[in-house]
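These numbers come from the heavy atoms of this one structure, side chains and all, not from hydrogens, waters or symmetry mates. Naming convention: chains lettered A, B, ... in sequence-line order (proteins, then strands); numbering from 1 in each chain.
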Number of protein chains: 2
Amino acid sequence: MTADITATVPPFAPTRRTDLCAEPPPPPRPDGQDRYTISEVAAWTGLSAHTLRWYERIGLMPHVDRSHTGQRRFTNRDLDWLTFVGKLRLTGMPVADMVRYAELARAGAGTFEERRALLEDTRRNVRDRIAELQDTLAVLDRKIDYYGCALGAPERD
Amino acid sequence: MTADITATVPPFAPTRRTDLCAEPPPPPRPDGQDRYTISEVAAWTGLSAHTLRWYERIGLMPHVDRSHTGQRRFTNRDLDWLTFVGKLRLTGMPVADMVRYAELARAGAGTFEERRALLEDTRRNVRDRIAELQDTLAVLDRKIDYYGCALGAPERD
DNA sequence: CGCTTGCCTGGAGTGCGCTCCAAGGTTCTA
DNA sequence: TAGAACCTTGGAGCGCACTCCAGGCAAGCG
């Protein structure tokens, strides 16, 4: 087992399943007829159908449309939202906070200020994380160099 | 509750507790007399004593020294190791993989190649994550701008 | 000498983000 | 029209990384 760092962070929208049976639909349906089944959305986002249903249950999705028999029919709008949620997820934002943002978004234009503040917090955090990671990168570079020209240096790890 | 993104990623070594009762000891003990109690190490790393003991139990620490009565006495070496582990943790590497690395380190010089490969994998992953985060940053910038000059644009979220 | 504080152990508990199950209805393909 | 493949629900289960608990030993202080 090698260090598969991203194993716990499943692929999301940007991935668009380029692997087996690649059929990535960036402008997925031609026109206004945008009604996707849950498995289509799952394939497109890389999330499982379970997770999509769970997102809806916890309030992270803005009330998904249903067919006349009760099956979910996602729209391009929903896809856009999921793409954005995927970005937030990459930042490490807890789901509870994403739900909070989703609530604000559903509440309408009156919550612009609060939403902006939330995103600005998030942006600060993302910048901090990038800085941390670059720091970490420097440490890794140093250590890999050390292994490269294995001197009897004061390292032992 | 605002979006405290790093809430699930507790502070680690670089932090060095600059808050209340600040007493950050970068070169903590003057000389060879480096024997820290678990609570000193906890304060210095930002990890809990529980977590330090747990790290040792699972093999993430290389056998910590004990006092004559069985209490742990950490050395500067241990502090260096914990700092490095903190870096790995920031990358999102699963604990199991860090343990694997620790085992290799304990096994001696014969595992240099494998350790280097592991760190190179990790480095690739860190680079990818930085790229993702920069992508996310661009999305956040765009959205914050949108809130800034709130036009009736095609956004709704 | 008693009291407080800190440390020890094994094992149980917690919170998060999914992930899966069972039992049943629906839709598509041959 | 049969059968496979897909969808529905509430609720239970899981893996990770801690986090805490009970019960007990040890050290320092007035």
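- D:dT19 atom P lies 9 Å from atom CG of B:L47, rounded to whole Å.
- Taking the side-chain contact (heavy atoms from CB on, under 4.5 Å) definition, one finds that B:V41 meets it with B:Y36, B:T45, B:L52, B:F74, B:L79, B:L82, sequence neighbours left out.
- Under the rule for a side-chain hydrogen bond (donor to acceptor under 3.5 Å, both in side chains), the partners of A:E114 that lie at least two apart in sequence or sit in another chain are A:R100.
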Can you name the atoms? Protein N/O to nucleotides 22-25 of chain D N/O, anything below 3.5 Å, with the distance.
none

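- The distance from atom CZ of A:R89 to atom C1' of C:dC16 is 13 Å, rounded to the nearest whole Å.
- Atom CH2 in B:W54 sits about 6 Å away from atom P in D:dA17, given to the nearest Å.
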Under 3.5 Å between N/O atoms: give me all the protein pairs with nucleotides 1-4 of chain D, atom names plus distance.
none

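- To the nearest angstrom, P of D:dA17 lies 7 Å from CE of B:M98.
- Summarising the geometry, the separation between CZ on B:R73 and P on C:dG6 is reported as 13 Å, rounded to the nearest angstrom.
- If you take CG of B:D97 and P of D:dG15, they are 17 Å apart, rounded to a whole angstrom.
- Counting heavy atoms from C-beta on, the side chains of A:L60 and A:W54 never come closer than 4.5 Å.
- Every residue two or more places apart in sequence or in another chain that forms a salt bridge (charged side-chain N to carboxylate O under 4.0 Å, His left out) with B:R123 is listed here: A:D141.
- With salt bridges taken as basic N to acidic carboxylate O contacts below 4.0 Å, none links A:R77 and A:D80.
- Applying the side-chain contact (heavy atoms from CB on, under 4.5 Å) test to A:V139 and every residue at least two apart in sequence or in another chain returns B:F84, B:K87.
- As rounded to whole Å, 13 Å separates atom P of D:dA17 from atom CG of B:L88.
- For B:E103, there are no side-chain hydrogen bond (donor to acceptor under 3.5 Å, both in side chains) partners at least two apart in sequence or on another chain.
- In this structure, the side chains of B:R116 and A:K143 stay at 4.5 Å or more apart for every pair of heavy atoms.
- Across the helix from C:dC1-D:dG30 to C:dA30-D:dT1, the helix axis at one end is tilted relative to the axis at the other end by 10° (nearest 10 degrees, each axis from five pairs).
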Please list each protein N or O that sits under 3.5 Å from an N or O in nucleotides 9-13 of chain C, with the distance.
{"unit_1": "C:dT9", "atom_1": "OP1", "unit_2": "B:R66", "atom_2": "NH1", "d": "3.4"}
{"unit_1": "C:dT9", "atom_1": "OP1", "unit_2": "B:R66", "atom_2": "NH2", "d": "3.3"}
{"unit_1": "C:dT9", "atom_1": "OP2", "unit_2": "B:R72", "atom_2": "NH1", "d": "3.1"}
{"unit_1": "C:dT9", "atom_1": "OP2", "unit_2": "B:R72", "atom_2": "NH2", "d": "2.6"}
{"unit_1": "C:dG10", "atom_1": "N7", "unit_2": "B:R57", "atom_2": "NH1", "d": "3.4"}
{"unit_1": "C:dG11", "atom_1": "N7", "unit_2": "B:R57", "atom_2": "NH1", "d": "3.3"}
{"unit_1": "C:dG11", "atom_1": "O6", "unit_2": "B:R57", "atom_2": "NH2", "d": "3.3"}

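- Heavy atoms of B:S48 sit nowhere under 4.0 angstrom from any nucleic acid atom.
- Closest to the A:S39 side chain, of the nucleotides D:dC7, D:dC18, C:dT26, is D:dC7.
- The salt bridge (Lys or Arg N to Asp or Glu O under 4.0 Å) contacts involving residues 42-56 of chain B comprise B:E56-B:R66, B:E56-B:R72, where partners must be two or more places apart or lie in separate chains.
- When the side-chain hydrogen bond (donor to acceptor under 3.5 Å, both in side chains) test is applied to B:E120, no partner is found at least two apart in sequence or on another chain.
- The side chain of B:P94 lies closest to D:dA17 when the candidates are D:dA17, C:dC18, C:dT27.
- Not a single salt bridge (charged side-chain N to carboxylate O under 4.0 Å, His left out) links B:R127 to another residue, sequence neighbours left out.
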Practice problem: Decide side-chain contact (heavy atoms from CB on, under 4.5 Å) for B:R35 and B:T75; before the verdict, give the C-alpha distance in whole Å, the side-chain angles of both, and the deciding distance to 0.1 Å. | Solution: CA-CA 5 Å; B:R35 294 171 66 73; B:T75 63; 5.7 Å; no

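- By the 4.5 Å heavy-atom criterion applied to side chains, B:L140 and A:V126 are counted as neighbours.
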